[in-house]
Every structure is written in C-alpha cells, then in structure tokens.
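Working notes, structure below.
The chains referred to below are lettered A, B, ... by the order of the sequence lines, with proteins before strands, and numbering in each begins at 1.
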Amino acid sequence: MLGLEDHRRHEDDVPGSVANDVIGDVDVAATGISGVHRRHGVPGGRYCAGILFGGVTRLSGYFLPTEREPPADAEAISHRLMVRAGLVRQVGAGLWSWLPAGWRVHQRAVGIIREELDAIGSQELLMPVLQPAEPWKRSGRIAIEELFRLEDRRGAEMVLAMTHEEIVTLHVAQSVRSYRDLPLLLYHIQTKERDELRPRAGVLRTREFIMKDSYSFDRDAAGLAASYERHITAYDRIFDRSGLRWYRVEADVGMMGGLGAHEYMAPCPAGENEVALAPGYAANVEVASARAQPVALPPPQDAPQEVATPGLTTVEQVAGALAVPAGALLKAYPVTSAEHGAPLRSVRAGARLVIVRGDHRVNEMKLTNALRGYHRPLRAEEVAELAGPPGYIGPVGSSLPVLLDRAVGEAGPGGWVCGANRPDRHLRGVEPGRDFAFGELDLRRVEPGDVSPNGQPLTIEPAIEVGNIFKLGKRYSEPLGATYLDEQGREQTIWMGSYGIGPARIVAAAVEQFADEQGISWPRALAPWDCELVALGRPGAPERELAERLYAQLAEAGLRVLYDDRESGAGEKFADAELLGCPLRVVAGRRALEAGELELQLRRGREARTVPLVSEKPADAARAVAELWSTLP
RNA sequence: CGGGGCGUGGCGCAGCCUGGCAGCGCGCCUGCUUUGGGAGCAGGAGGUCCCGGGUUCAAAUCCCGGCGCCCCGACCA
C-alpha cells in the first residue's frame, strides 16, 4: 500500500519521467536484498516496495529461478512446468518448497477458499500438526499406515496429523454443551503430514502439504445435511472462481463408513483418479454404475458342452478360438478375505469366485464394499488347490460361492462360455442359474460408451481430486465424546461432516489444464501477477523510460505487475514470460514508441492485441490494459 | 510390497562395459560488442564423481554394503 501511495504522489509531481525515480526509497545494495535475476543495470539501483507488499515487482530483484530444461525425472506437466518456471523446488521425496512466485499462486487459491468459507459462516482457527497420540487411539486412526508416528524425548507417543478430526472434535466436545451451541462450522488451513507409500507428480501427491479442512457440527442428520449443502455452495463457488474445469462427483464413502461423500475433480492428464462423465452425470469410476454395452451372445443350448481349448488361457485366446465375442465369456476372478500366508482352511472359508463378462473388469472398490473389507486375489497355487487349473476355472461345478456381476444377467439369455475347471477345457452354452447358483451384484468397472443411469453415453477421464466433502455422522463424535443436551435435556451425540481442499492441487490442476508448448497459462484468479511488463532495449534507451512509466501506471490502474527490467535479450524475456504464464504480457519496446501502440499478448491462446499509447491522459493506455485484463478468463 | 531405472559443477548429460589428466551443452563471473523471440568474441570461477568399506601401483569406472531419487504396478483416511 505504501508503494502505491508513493507511486501516485510521484506521478502527480513529475508526470512522464518515472524512470529516474522509484516507488520506495531503499537501495538494493543497502538492503542486502538480492535475487538470481538481479543485474547491475537496474536504473537507480533501487528496489520497490512491491517486493514486500505484493503490488508490483521488479524481476531484476526477485527470486524467480527459471530453468530452460525440466528435471530429467519429471513426468507430469505441472511438475515440469512448476519447476521450470521457478515456482517450486524439491527438498526430498514428496517434500516441496514453494518459492515466492509459486507461493503467491498458492496464497491466491487459499484466499479464494477463505473468502467463500467465511461467506457460509465458517470460522477459521488453527490447530497443531504435532499431536498426542491418545486421541488417535480413541478414534482408531492410530492404525492408519500413512500416519507419521514419533516419540518426544520423554518417550511420549506423538503423531503428525494427516487431518484434524480428532482435535477439533475434542475442542467441540469440551466446549459445546447445549443444542443452542449448534450448528457450528470451523475450518483451518494447515500443514498436513502423510507417510505416502509413493509420492508422485511434483506437488500433486506429497508427504507434507497444506490443506484446508472444515468440520461441521450439527444436532442431527437434517442439520448435517444442511451443513453439507452449505459446503457444496461454497465449494462450487471456490472452484468456479479458481478458473478450473471441475466436476462434483459421487464418491465412495470409504472404509470409515460415512453417510455420503462427494469429490471435486479437476480433469487433467496427471490425474490419479478417473471420473465417469455423461451429460447430467458425474461419478468417480470407483463408484460409477452404468448399463453395459450389449454383446452378441451365442444362442442358448440345452446343456453346457465341453470344448477343447488346449493352451488357451486368456479371454482373447478363447474368444478367438471359439469365434465368440470376448463379452460372451464369463471371466472368473477368485478372491479371498484371508491374509497372505493364512492357513488354507481360512483361505477357503473366505474365498469367493467373482464373475464378470469377459470384456469387463472387476471394480476393486465395489468388490471391497460387497465383501465388507479386505480381500486379495488367490495365488496361483491357491487357485489350483481350491478352484481348478489356473486359466480354466469357472462357476460351473465350482466349490466356491459365486458372485456374479449384474451385467451378465442384463446381457440377456444366451450360451455363455467359461472355464470347465479342468485343464485345457472350456464350457459353452452355459446359463447362470441353470448351471450354477450365484449372488448377483454390481461389481464391474464401467467402460467408456456404457450408458449412464440417466441414459447418456459415458466417457472416462483422468482427474485430480481437488476437494472432498464427507458426511461423517458420529464416526468421531461418538468415540471422542462430543455430545450436547437437547431441548429435553437428553444427551445427544453431535453429527459431523468434514470437508477438505488441497490448494496445491488447485494450483497444479490449473497448470495441467491450461498449459501449452510455451508454458503455464494461469486463470486470472490464480496468476502470480496479472500482467508481465517486458522492457526491451538497453538500459537508458527511450523504451526503458516508457517501461518505467507504464510500470507505475499499470500498478495504479489496479494491476499486479511483474516488471521484467532485467538486462537480457528479448527472446529470453518473452520465453520466460510465457513460461510463467501471467494472463497478459505488455511489451515496452521501440515499436511501441514508433507506432504509438502498446503491444499486448493474451497468454491463453497467445493472441496479440494493441492499445493506443498516445492520448490526452498519460495513464489511458494503462487503464485500457486493465480493462482488457478484466475480460480474461 | 513386486518390477524397472537413475545418482558425475546450479540444470541437462557423456565418461563406467575394457581402471590411468573429470569432460560437454546450458547457466554463472569479468570485459568489449549486441538489444523485438533463449546473442557474439575473449578471459574466468565452480567437483566429497551419493555415502562407507574392499580389490589395485592406481577406482567416477571393478566388488560388497548402505542411502537417496524417479517411473510402472499394488496401496491410498
């Protein structure tokens, strides 16, 4: 703010010759402030207060270490570009520092989140990352493998929090007494720690990250539903404002057995999740249901008929040899709920034979839910022992209970093909029900082209989960004793919800969604600066004076300006500007002076524009730039 | 946990198989030139070749052990 005021004062006093003055009054050398891009040619050798206050910034004094080449081991677009653009640096596996420009972007995402949560009446607080282990024992989450555990010097057990349900619930348990104290919405923005098995893709999946977590506390299920709805409102606005392409999808409630959940998914190539999409339908592939595409089944037969299929153990081989579509096969997937190494008896007791169409895949999440917990495929030797020769097992005559995917029945009557439970033999003309008993469930993974519940064809896209909302119910309030007295003075358990957003994922998803060959292209709402002003010509040249003047005028017009006042070539400056991806680039060069037109580039699409440079009022051009900026995505 | 790969100057890499001066490109520093798409010339700085042990006259290179990082799969409240 100080900087801007100084600006105005200056411009009023000495219009048109900003070049020899500065906004602040501090000498770079005197402050000791330096940066990789500082060169000796900064006019006046000063630094601007914008470095500190965020309004305007001279690149010559800013820590923005850009790289021409990405790290060799980086795959994801966001990983490569965020490192190249000087936004983040890796410290260890899944551990990242945010450099100043990157942190500005992160903070903009956080700012949007904060505003929208405040707007629904949620109250910000802060809770520690380092916590006593005891509440985690009470909630049962001490057993989670991703939880970092440690001891202090006295040997007390501690954890590094991955989320803050336990602590926030304890605070509420301690202080909320009456139904009059509810509902309550609390949130915090805090570092979270997870001992990830495999951190990956830059800042997309890390071991330490900042997360916004909200928690709602209500009297009953209806209250929870209302709090949940308020968060949907806030979240929809947050992701709209962030400029991302996003979907709110139905999600699995997970092992914690919640009452309902949605995820906010931003489609992008580096996404770890998949979303099934159709007009009016969006779901995580983990939970998506759809009508399968039809398959042309062979005609029914009076009884199964054994056919020789020597050496043919895959769906493709068998389908090809018998001249039937892959979808006419019954694929057998034997699983057990017994741990590895368990005695054969318990392996057998927990075993099921899961059957899906030959052209379908088992959805592990659905199967987990169906089996209510852990399961694993049988090992080859267990298959041989309990089911039949691997490659030739099938439901007919099997000693294992059969779980049949619903799509088989929906494919209509016909003669199915399956393994005969004998070496080198399959059966054709098989009919579920007549030839084997089964339990029917939705167990398959939907495929592109399937028909959604509302009758539309599905597509499947990779996406990154940028947020989630979850109806916890009494999952934490019960073990941690968060109760209140109702109107009748009866003790009731509080109903909770939890709601997360990863700002770093918003940032990375934005990079992924809008990057092009030249680099990042930020949505206006996230960009580290609104506009990058590129000064061409050698120091002291007339275009440098123009640049200095524009720098002040653009800032006064309300834009956050990154001013490339470095002493490098035009090519390097243009390339760096496009790499960093501010929405608008303004060029102060000889051409501008000669043509009386200011050249602009809209980063998204790299479209060129001009605004008149010469008019009655000196700052008109800057105002025109600001106006153009306000129309950008 | 299964599979694959990589650690050499700030970044990207060669050298390793077949032991013998530690190199290349970019970047960085100084000077001059240049200034609208990653400039030119000249000079220069910068290395625990991931760590430890072993073999050898001699180890970036061979052997043993460890650590770190990446990718694929599994896993992911």
Side-chain angles (χ1 to χ4, degrees), chain A residues 36-41 65-76 79-80 83-84 86 89-95 136 139-147 159 161-166 192-202 204-207 211 213 251-258 261 263 270 272-273 284 286 340-341 364-365 368 374-377 379 465 468 470 472 475-476 498 500 518-519 534-544 547 564 566-579 585 587-595 599 601 606 608:
Chain A
V36 286
H37 282 144
R38 184 153 70 86
R39 306 286 159 84
H40 50 278
T66 57
E67 298 290 342
R68 193 178 293 210
E69 306 202 37
D73 47 26
E75 300 269 312
H79 184 184
R80 298 165 69 92
V83 171
R84 280 228 290 142
R89 283 292 184 269
Q90 184 167 17
V91 175
L95 301 172
W136 293 76
S139 72
R141 291 211 298 173
I142 192 77
I144 292 171
E145 291 195 336
E146 283 75 22
L147 183 66
V159 303
M162 45 173 42
T163 60
H164 285 67
E165 276 86 355
E166 282 81 0
K192 313 270 169 166
E193 309 278 347
R194 289 183 199 182
D195 193 358
E196 289 286 351
L197 218 44
R198 188 156 90 78
R200 56 181 296 270
L204 274 181
R205 189 169 201 83
T206 55
R207 294 195 290 176
M211 184 159 143
D213 254 329
D252 186 76
V253 295
M255 304 293 276
M256 306 314 272
E263 291 164 338
E272 300 183 287
N273 297 94
N284 192 316
E286 288 173 348
H340 280 288
E364 294 287 343
M365 184 67 74
T368 299
Y374 172 85
H375 66 273
R376 61 172 174 88
R379 284 129 82 111
E465 180 185 348
N468 60 50
F470 199 92
L472 290 171
R475 168 68 182 82
Y476 293 91
S498 78
Q518 281 68 34
V534 174
L536 299 180
R538 63 174 72 195
E543 53 266 41
R544 288 290 185 138
D564 189 349
R566 294 175 302 171
E567 256 212 89
S568 37
E572 190 178 344
K573 291 185 175 191
F574 290 149
D576 270 355
E578 284 165 0
L579 175 61
R585 188 184 74 193
V587 182
R590 203 176 47 234
R591 274 192 220 154
L593 289 170
E594 285 167 357
E599 295 166 77
Q601 186 207 53
R606 301 178 77 219

If I pick the P atom on B:C50 and the same atom on B:C11, what distance separates them, to the nearest angstrom? 13 Å
Looking at B:C69, which nucleotide sits across from it as a Watson-Crick or G-U wobble partner, both distances under 3.5 angstrom, or is there none? B:G5
Passing candidate, side-chain contact (heavy atoms from CB on, under 4.5 Å) with A:Val534, options A:Glu599, A:Arg585, A:Gln601: A:Arg585
Counting side-chain heavy atoms from C-beta on, which of B:G36, B:C26, B:C70 comes nearest to A:Arg68? B:C26
With a 3.5 Å limit on both atom pairs, tell me what B:G47 is paired to, counting Watson-Crick and G-U wobble, or say none. none
Can you tell which of B:G27, B:G36, B:U35 lies closest to the side chain of A:Arg538? B:U35
Per A:Glu567 side chain, nearest of listed nucleotides B:G37, B:C11, B:U35: B:U35
Side chains of A:Arg207 and A:Asp195, heavy atoms from C-beta outward: is any pair under 4.5 Å? yes
Choosing from B:C76, B:G36, B:G37, which nucleotide comes nearest the side chain of A:Glu146? B:C76
Residue pair A:Asn468/A:Gly202 against RNA chain B: nearer the 5' end by closest nucleotide is A:Gly202
A:Glu196 CD to B:C71 C1': how many Å, rounded? 16 Å
Write down the distance between CG (A:Asn273) and P (B:C75), rounded to a whole number of angstrom. 13 Å
For A:Ala201, which contact category applies under a 4.0 Å heavy-atom criterion: base, sugar-phosphate, or nothing? sugar-phosphate
Could you measure between the two C1' atoms, the one in B:C41 and the one in B:G5, and give it in whole Å? 42 Å
Please determine whether any donor N or O and acceptor N or O are separated by less than 3.5 Å between the side chain of A:Glu572 and the base of B:G27. no
Can you tell me how far C1' in B:C72 sits from the matching atom in B:G10, rounded to whole Å? 30 Å
P atom, B:G66 versus B:C28: distance in rounded Å? 42 Å
Measure CD/A:Glu145 against P/B:C75 and give the value in whole Å, please. 12 Å
What does A:Arg198 touch in the nucleic acid at a heavy-atom separation under 4.0 angstrom: a base, only the sugar-phosphate, or nothing? base
Specify the residue among A:Val91 and A:Gly537 whose closest nucleotide of RNA chain B lies further upstream toward the 5′ end. A:Gly537
Mind calculating the distance between CD (A:Glu465) and P (B:C76) to the nearest angstrom? 14 Å
Re B:U61: Watson-Crick or G-U wobble partner, both distances kept under 3.5 Å, found to be none
By the 4.0 Å heavy-atom rule, please label A:Arg585 as base, sugar-phosphate, or nothing. base
Using atom C1' in both nucleotides, what's the gap between B:G52 and B:G68 to the nearest angstrom? 14 Å
Distance-minimising heavy-atom pair for A:Ile142 and A:Leu147: CA-CD2, 3.9 Å
CZ of A:Arg207 versus P of B:C70: gap in Å, rounded? 9 Å
Taking N and O atoms by type only, does the side chain of A:Glu599 place a donor or acceptor under 3.5 Å from a partner on the base of B:G36? yes
Applying side-chain contact (heavy atoms from CB on, under 4.5 Å), run through A:Leu204 and A:Glu272 and close with a yes or a no. CA-CA 9 Å; A:Leu204 274 181; A:Glu272 300 183 287; 5.6 Å; no
Would you indicate which nucleotide in B:G36, B:G38, B:C72 comes nearest to any side-chain atom of A:Val587? B:G36
Is it true that A:Glu75 and A:Arg200 have a side-chain N and a carboxylate O under 4.0 angstrom from each other? no
From the list B:C11, B:C71, B:G36, which nucleotide is the closest neighbour of the side chain of A:Glu67? B:C11
Starting at CZ of A:Arg205 and ending at C1' of B:A74, how long is that distance when rounded to a whole Å? 13 Å
Quick one, A:Arg141 and A:Val159 - any side-chain contact, counting heavy atoms below 4.5 Å? no
For A:Glu165, which contact category applies under a 4.0 Å heavy-atom criterion: base, sugar-phosphate, or nothing? nothing
For atom CD of A:Glu272 and atom C1' of B:A74, their distance in whole Å: 13 Å
Indicate yes or no: at least one non-hydrogen side-chain atom of A:Val83 is less than 4.5 angstrom from one of A:Arg89. yes
Nearest-Å distance once atom P is located in both B:C63 and B:G20: 15 Å
Any side-chain N or O of A:Gln90 below 4.0 angstrom from OP1/OP2 of B:C70? yes
Nucleotide B:C71, atom C1' - distance to CG of A:Leu204 in whole Å: 15 Å
When the P atoms of B:A22 and B:G9 are considered, how many whole Å apart are they? 15 Å
Could you give the distance separating B:C21 and B:U30 at their P atoms, to the nearest angstrom? 34 Å
Atom pair CD (A:Glu543) and CZ (A:Arg538), whose distance is rounded to the nearest 0.5 Å: 9.5 Å
Given B:G10, B:C76, B:G36, which nucleotide is nearest the side-chain atoms of A:Phe574? B:G36
Paired to B:G10 by Watson-Crick or G-U wobble criteria (both distances under 3.5 Å) is B:C26
Look at all strands and tell whether A:Glu578 reaches a base, only sugar-phosphate, or nothing, counting heavy atoms closer than 4.0 Å. base
Using Watson-Crick or G-U wobble geometry with both distances below 3.5 Å, tell me the partner of B:A39, or none. B:U33
Looking for any heavy atom pair under 4.0 Å, which part of the strands does A:Ala93 touch: base, sugar-phosphate only, or nothing? sugar-phosphate
